[in-house]
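Since the structure comes first, as structure tokens, the remarks are kept for the end.
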Amino acid sequence: MKTKENPTENFIRIIKELKEENEQLKQQNQWLMEQFRLSKHKKYCASSEHNTVDQMCLFNEAEATSDLTISQPGFTEVKAYHRKKSRLITDKLPDDLPIEVIEHELPKTERFCPECSSELHEMGKETREEIKIIPAKAVIIRHVRYVYSCRKCESTSDHVPIIKADMPEPVIKGGFASPDTIAHIASQKFMMASPLYRQEQEWKQNGIMLSRQTMSNWLIKASEDWLEPIYLVMKHRLCKHDVLHADESAIQVLKEPGKTPQSKSYMWLFRTSGEAKHQIVIYEYQPDRKHIHPQKFLKDFSGYIHADGYDGYHKLPENIMVVGCLAHLRRKLFDALKILPKDKQSGSNAAKGVEYCDKLFHLEKQFASLSPENRHKERERQSKPLINEFFSWMEQLNALPNTLLGKAAYYAKSQRKYLERYLLDGRLEISNNRAERSIKPFVIGRKNWLFSNTPNGAKASAIYYSLIVTAIENSLNPFEYLSWILTNAPNLGKSGYVTKIEDLLPGSDKIPSNVFIPKPKGTAPEKYAWEEDK
């Protein structure tokens, strides 16, 4: 028998349901407003994450402004002097550029005084300098190899020896591409982000009909024949290091078997950390983002790897310890901060979270010039108490789960064990920004050439990006470096050329001096973060 519901209870139930619905709508409205402000900020405001909010000072101690890298100043007496004010200009012409002198003289018939008609003499000179740009030009290199035979043997013997002069092997047999040409096309596409169709137009303006298909074939053929073996040796050496960085970014491949042209593929990146003497950056193309790809790539690696919060890295074997990225956490907190009205930003929980992160990053700047051992000690002394305080504050933070601040808090709590691991070793870094900077050339290029046509093209792109970005990291000119490789690789072991593949890697003592990027005079030698001040 169905009982009759009490009107009062029914009214209370309806009120409760309306309150719950109202609370859900409030949360949904708050989330939508946050997304709207964030989208508006990304579209119209500066993308810099520099914090300019006048926050309440959480760290009002002397260490906040101290610098461990600066020695105690002494006292010295100096005489007063006046310095001529000069413009702050960083532009400088290299001293080793060839100089073309153009002299401007009066004709001999005009070298007479306008007052007394006496002959004029040279009393001085005025000089100004300009930089002259000579556009690239193409020339045809015609290799002529002479063939020799013996006249005596021709008349007296049934065997005539034929001797040929030495001639270097071409980079592509049957083609007219030179090492310089392929190096130019590759550096324009993968360093300057100029797609092949734009290069095709540039060649055409110079009267050379060179199709993008031909250039693409050259790049893939040179990659498969000569660059891939170097790439594999670089990959092997990379996995011998103790500390690595990893990142990945999407790429569209139109003719990937079993996938639609609109689906995502991925370009993975693995690179050395700041403690390496010679930097190595490896890109690897894969059709998806599955965790099996870093597992396969790092099968011979054991040590620390910096990564973002992607769960695929957390499935790596136990001999690989994943180190989180505090820059990602700060970015989430900063997103929660910038969607707030300006009058509510100062003193907000998002502002406090950003300030905690800024303090930790400030300490890392102070430790930058220390040795790994001393850096580890300073982190234990200063960073560890601060990061514990930060996570204790984060645990007590009451933020709605669907808000940006709530998502940042969830990220911090769920990633804590990875975010704290940079404290374990002085060679580790507080963020994965090193990998993000290395993936940036690929991301910029992708905005221009948009997609790869085939998996072979994407694989070739990974090899070229690996060599070019590695060259830049080691102060090598990418064009000169690729040209030197493509000249030596087909003639490996011959007289006048390198003898083994290892000689072609960045860091090899066989690399000629003209391949290195010249430094202007007066530039201080590069100092690595792990080198201690003497």
Practice prompt. Indicate whether any N or O donor in one side chain lies under 3.5 Å from an N or O acceptor in the other, for Y310 and E248.
Written response: no

Worksheet item: Hey, does the side chain of S438 reach the backbone of R434 with a donor-acceptor pair shorter than 3.5 angstrom?
Response: yes

Worksheet item: Any chance the side chains of H293 and D288 put a donor and an acceptor closer than 3.5 Å?
Response: yes

Worksheet item: Testing E364, E378, Q366, K359 for side-chain contact (heavy atoms from CB on, under 4.5 Å) with S383, which one passes?
Response: E364

Worksheet item: Does the pair E284/K235 count as a salt bridge with the N-to-O cut at 4.0 Å?
Response: yes

Discussion item. My understanding is that only one of D247, V281, I305 makes a side-chain contact (heavy atoms from CB on, under 4.5 Å) with F270; could you say which?
Written reply: I305

Discussion item. Tell me whether K352 is salt-bridged to E355, with the criterion being a basic N under 4.0 Å from an acidic carboxylate O.
Written reply: no

Discussion item. Check E473 with R271, please: is the shortest side-chain N to carboxylate O separation under 4.0 Å?
Written reply: yes

Discussion item. If I take atom CD1 from residue I430 and atom CG from residue L329, how far apart are they, to the nearest 0.5 angstrom?
Written reply: 10.0 Å

Fill in: Salt bridge present between E436 and R331 (N-O < 4.0 angstrom)
yes

Worksheet item: Do H328 and Y411 have their ring centres less than 6.0 Å from each other?
Response: no

Worksheet item: Between H184 and F479, how do the two ring planes meet: parallel, tilted or perpendicular, split at 30° and 60°?
Response: perpendicular

Worksheet item: What residue among H241, H245, H306 forms side chain to side chain donor-acceptor pair (under 3.5 Å) with S273?
Response: H245

Enumerate donor-acceptor pairs with a distance under 3.5 Å from any side-chain N or O in residues 456-464 to protein atoms, sequence neighbours excluded.
unit_1 : atom_1 : unit_2 : atom_2 : d
K459   : NZ     : E228   : OE2    : 3.2
S461   : OG     : G457   : O      : 3.0
Y464   : OH     : L219   : O      : 2.8

Discussion item. For Y356 together with W393, are the ring centres under 6.0 Å from each other?
Written reply: yes

Practice prompt. Let me know which of I320, L316, N319, D242 forms a side-chain contact (heavy atoms from CB on, under 4.5 Å) with F301.
Written response: I320

Worksheet item: With side chains defined as the heavy atoms from C-beta onward, is the minimum distance between P455 and P257 less than 4.5 Å?
Response: yes

